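Notes follow the structure.
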Amino acid sequence: MRILVVDDEPLSRHVLQAAVEQLGHQWTAAQDGEAAWQCFNQDKPEVLITDLLMPEVDGLELCRRVRADTRAGYTYIILVTVLGDRHDVVRGMEAGADDYLIKPVQLFDLQARLIAAQRVTDLHAELDRHRAELAHLARHDPLTGLGNRRSLGEDLAVLHARSQRYRRGFALAMCDIDRFKAYNDAHGHQAGDQALRAVAATIAQELRGGDSVYRYGGEEFLLVLPEQTLDTALVAVERVRSAVERLAIPQPAAGPGGILTLSAGIAALGPGEAPTAEELLKRADAALYRAKAAGRNQLALAHSPAR
Ligand code: GH3
Ligand code: MG
Ligand code: MG
């Protein structure tokens with residue numbers, strides 16, 4: 001494990017360092033609480049072994065700061081104190097320490113504490129992994145790996161608020177695969193899933209930095225294009241449309257030699273315009289409907305009330 005050893009008395013510190021090293025762990029050392037806090041921030045250690053009484057930032061304060069740190073990973077804290085200051089240990093445990101040792105520290109006692117520390121930090125690492133996995137699952141669509149409807153809602157709210165505050169525009173494009181029901185009917189649902197994955201990957205690949213794509217529904221994808229106007233969004237979405245066409249996925253419903261295509265409706269929020277994100281989505285959806293009605297495999301721009 002990576003262990004940070006803190007003690008203002010050089011001798012105690014060296015004894016601890018030697019013991020930690022003998023037990024096969026890596027260590028860094030600090031001679032006071034403030035230096036320890038800096039070491040902690042640089043390279044969050046798995047274990048902190050700290051003297052309780054130190055000038056200025058003492059062991060208690062260090063415990064509090066470490067526990068207030070919100071980064072992933074758990075630092076197991078062992079307080080070290082002299083027998084006479086034992087009563088301070090309880091305050092230290094309340095401040096976030098996990099265990100304590102009485103000076104002079106015996107190798108055997110340290111070894112036992114570090115076995116417990118390893119178990120606890122391993123458990124926390126596993127919890128962190130599960131938490132990250134859950135957070136990912138909550139925001140992503142399992143089939144395509146794209147952001148899901150929920151993450152779209154969250155991201156769009158942030159973008160919309162920012163656009164209002166800083167008077168920045170953005171564009172949305174609602175894309176929908178053409179005659180996808182027929183594709184499924186002809187090739188089966190599994191092939192349909194594969195086509196969805198291919199289209200999703202292609203859209204993601206065609207987007208430029210700062211733009212994002214979400215799976216809005218079954219065969220619908222929503223592109224979010226910050227800082228874009230209707231005209232510039234049109235160029236970006238046309239790039240996406242033609243890339244999907246170039247995949248040349250056979251689509252029987254499009255006639256002999258037909259391929260799978262995409263239609264899209266684009267809406268943009270001009271700087272200083274006030275519609276809600278929902279209103280903008282509605283406009284993009286209405287434009288998509290017109291693209292479909294006009295024959296599919298094409299884009300349509302939303303009519304904003306101002307235009
Ligand atoms: P249009 O050109 O008007 O958009 O026609 P469409 O057939 O694409 O539209 P419709 O809304 O009638 O059908 C969408 C189809 O998309 C129906 C459904 O079976 C298919 N679909 C939706 N989600 C999935 C999915 O996760 N996997 C597969 N394989 N198909 C899906
Ligand atoms: Mg469709
Ligand atoms: Mg649809």
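Whatever order the structure lists them in is the order used to number ligands and atoms, beginning at 1. Everything numeric in this text was worked out from a predicted model, so none of it was measured. Computation of the quantities below employed the complete heavy-atom set of this structure, encompassing side-chain atoms and omitting hydrogens, waters and symmetry-equivalent molecules.
Looking at D193 against ligand 1, both its backbone and its side chain come within 4.0 Å, counting heavy atoms. The proximity of R296 to ligand 1, defined as any non-hydrogen pair under 4.0 Å, is limited to the side chain. Residue-level proximity to ligand 1 for R197 is absent, since no heavy atom of it falls below 4.0 angstrom. Only the backbone of I177 comes within 4.0 Å of ligand 1, judged by heavy-atom distances.
Within D176, the N, O or S atom at minimum distance from the Mg ion (ligand 3) carries the name OD2. Within E220, the N, O or S atom at minimum distance from the Mg ion (ligand 3) carries the name OE2. Summary: OE1 is the N/O/S atom of E219 found nearest to the Mg ion (ligand 3).
For atom 13 (O) of ligand 1, the closest heavy atom belonging to the protein is K181 CB, 3.7 Å. Counting only heavy atoms of the protein, atom 1 (P) of ligand 1 lies nearest to K292 NZ, 3.4 Å. Looking from atom 16 (O) of ligand 1 to the surrounding protein, the closest heavy atom is E219 CG, 3.1 Å. In terms of protein heavy atoms, atom 18 (C) of ligand 1 is closest to N184 ND2, 3.9 Å. Counting protein heavy atoms only, atom 26 (O) of ligand 1 is closest to R215 NH2, 2.8 Å.
Cation-pi check for R65 over F40 is not met; the charged atom does not lie both under 6.0 angstrom from the ring centroid and within 45 degrees of its normal.
For D178, every N, O or S atom stays at 2.8 Å or more from the Mg ion (ligand 2).
For a threshold of 3.5 Å applied to N or O pairs, the pair formed by F180 and ligand 1 contains at least one separation below that value. Considering backbone and side-chain atoms alike, A182 places every N or O at 3.5 Å or more from each N or O of ligand 1.
Considering all non-hydrogen atoms of both residues, V199 and F221 come closest at CG1-CE1, 3.9 Å.
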